[in-house]
Chemist: 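For reference, the structure I am asking about is given below.
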Protein chains: 2
Amino acid sequence: MKRVVLKISYLGTAYHGWQVQPNGITIQETMQNALEKMYKKRPDLTGCSRTDAGVHANEFYCHYDTDQEINERGIVLGLNALLPQDISVLDAKYVDSDFHVRYNAKGKNYIYKIYNKELKNPFISDRALHIARPLNIDKMNEFCKEICGTHDFYGFSSSGRTVTDTVRTIKECFVYKDGDEVILSVTADGFLYNMVRIITGTAIAVSDGIINPYDTKEILKSKERNRAGITVAPHGLYLNKVFY
Amino acid sequence: MKRVVLKISYLGTAYHGWQVQPNGITIQETMQNALEKMYKKRPDLTGCSRTDAGVHANEFYCHYDTDQEINERGIVLGLNALLPQDISVLDAKYVDSDFHVRYNAKGKNYIYKIYNKELKNPFISDRALHIARPLNIDKMNEFCKEICGTHDFYGFSSSGRTVTDTVRTIKECFVYKDGDEVILSVTADGFLYNMVRIITGTAIAVSDGIINPYDTKEILKSKERNRAGITVAPHGLYLNKVFY
């Protein structure tokens, strides 16, 4: 058996997230359907993360094992021909059989896109959150500095979390303007359930003057979910990079 | 009665074009639904052009008459709140009652977007045509120069055309690269049914070496539809500007 790692990219709008589930089409299932058509066998497929319904990925890794040797370029072109237009295979690589896309990930970078103009843009509506009022990027960056470092992010995660250790290290977090978009970028060794969406919701509350950025450490310490900002909608969130 | 002109923008993916029809939801109908909710009366609504199913508009104008005076900003914000995310009202203006969005249009600019990389991009798939092989922009521009001017475009239109006079004047036509996209821009006093999609299909055939750009005038003269290129898919086409 040989292990193959795929680098993929997808628009999450039409999917109920990565992970196979009974009540909706997922990216994992759609990928497995394409792999089954190519290999005439349905492989197990392990993803680097569980993205939620509506969340996108500029870069996402998954792996499977096979005893059929198709060359790497053949895998990329074959799967792309079999997949729908909203999922693309960017690369395929044979790796050592002990490599694991989730366990070997040293960190991840997520971005959250906000379209920050008064009138909505029909070409952006399922790819960024629309906020009509002007955002204060300097204030948002004050909060981003405070959230960096090693903290217990219990209060910045939702009740659906599946882990007990809620300490994570944010290596980098900042907000920048890109045309009409305001983008929050956050890099960490790992993320809790809804963590990026709550960090973004808190950064917006700081911009609006509802939360003081210098209360961030105290809010973290309190572990009270209701002291942080809201969980913003999934359609602005992108898994952007995975570090191995 | 006062006449209102709306400047709107829309993603055409979910619609069966502009014009109301029995078998699918259209932009005209969706706009009329929103107007009816705001005015408690369903106005007639005249569009500047009939875009086809799946075609987008960066800029599109329509007008209606009303005896209720809502201020211009109120019309914009009110309609945007009532419209779905893929249609945006950019502006509203009261105009003289003899102004007509179709008859007063002096010209239009369309663009056709091609995503020109080997692997598909899931974020572009319903907004640009994907062509994996490299396009020859210089050759496409040789064709664009030949197609400019006043010609009978009968052979560059489809059989669904509703007019008998098929002479039009192309004022400007050129192809340029924008990041990973190749964009064809064409400005004319008017367009026949499918004309931009056939011009783009012909430019691609010229790039591929199937059609000689210097045969363009002869192909025009022949009025034979099958001597021009194919009608490319609607999802790369944008009504980009309307000149009054």
Chemist: I'd like to know if the side chain of B:Lys120 reaches the main chain of A:Pro84, judged simply by a donor and an acceptor atom lying under 3.5 Å from each other, with no hydrogens or angles considered.
Modeler: yes

Chemist: Using non-hydrogen atoms only, which part of A:Val89 is less than 4.5 Å away from chain B: side chain, backbone, both, or neither?
Modeler: backbone

Chemist: Do other residues, nucleotides or ligands put more than 12 heavy atoms under 6.0 Å from the CZ atom of B:Arg42?
Modeler: yes

Chemist: Do you know which of A:Leu83, A:Thr13, A:Asp86, A:Val76 has the most heavy-atom pairs with chain B at a distance under 4.5 angstrom?
Modeler: A:Asp86

Chemist: Against chain B, label A:Leu77 side chain, backbone, both or neither, depending on which of its atoms sit under 4.5 Å from a heavy atom there.
Modeler: side chain

Chemist: How about NZ on A:Lys171, more than 12 heavy atoms from neighbouring residues, nucleotides or ligands closer than 6.0 Å, or not?
Modeler: yes

Chemist: Please determine if A:Asp126 and B:Arg127 form a salt bridge, counting it only when a charged side-chain N lies under 4.0 Å from a carboxylate O.
Modeler: yes

Chemist: Is there a ring-ring contact (aromatic ring centres under 6.0 Å, His included) between B:Tyr10 and A:Phe123? Walk through the geometry before answering.
Modeler: CA-CA 7 Å; B:Tyr10 54 81; A:Phe123 299 101; 8.3 Å; no

Chemist: If I take atom CD from residue A:Glu118 and atom CG from residue B:Leu90, how far apart are they, to the nearest 0.5 angstrom?
Modeler: 11.5 Å

Chemist: Give, for atom CG of A:Asn58 and atom CG of B:Asn121, the distance between the pair rounded to the nearest 0.5 Å.
Modeler: 8.5 Å

Chemist: From B:Leu119 CG over to A:Ser9 OG, what is the distance, rounded to the nearest 0.5 angstrom?
Modeler: 10.5 Å

Chemist: Quick check on A:Ala57 against chain B: is it the side chain, the backbone, both or neither that has a heavy atom closer than 4.5 Å?
Modeler: backbone

Chemist: How many angstroms lie between OG in A:Ser88 and CD1 in B:Ile124, if you round to the nearest 0.5 Å?
Modeler: 11.5 Å

Chemist: Take a 6.0 Å sphere around CG of A:Asp44 and say whether it holds more than 12 heavy atoms from other residues, nucleotides or ligands.
Modeler: no

Chemist: Quick check on A:Lys177: does its NZ atom have over 12 non-hydrogen neighbours (other residues, nucleotides or ligands) under 6.0 Å away?
Modeler: yes

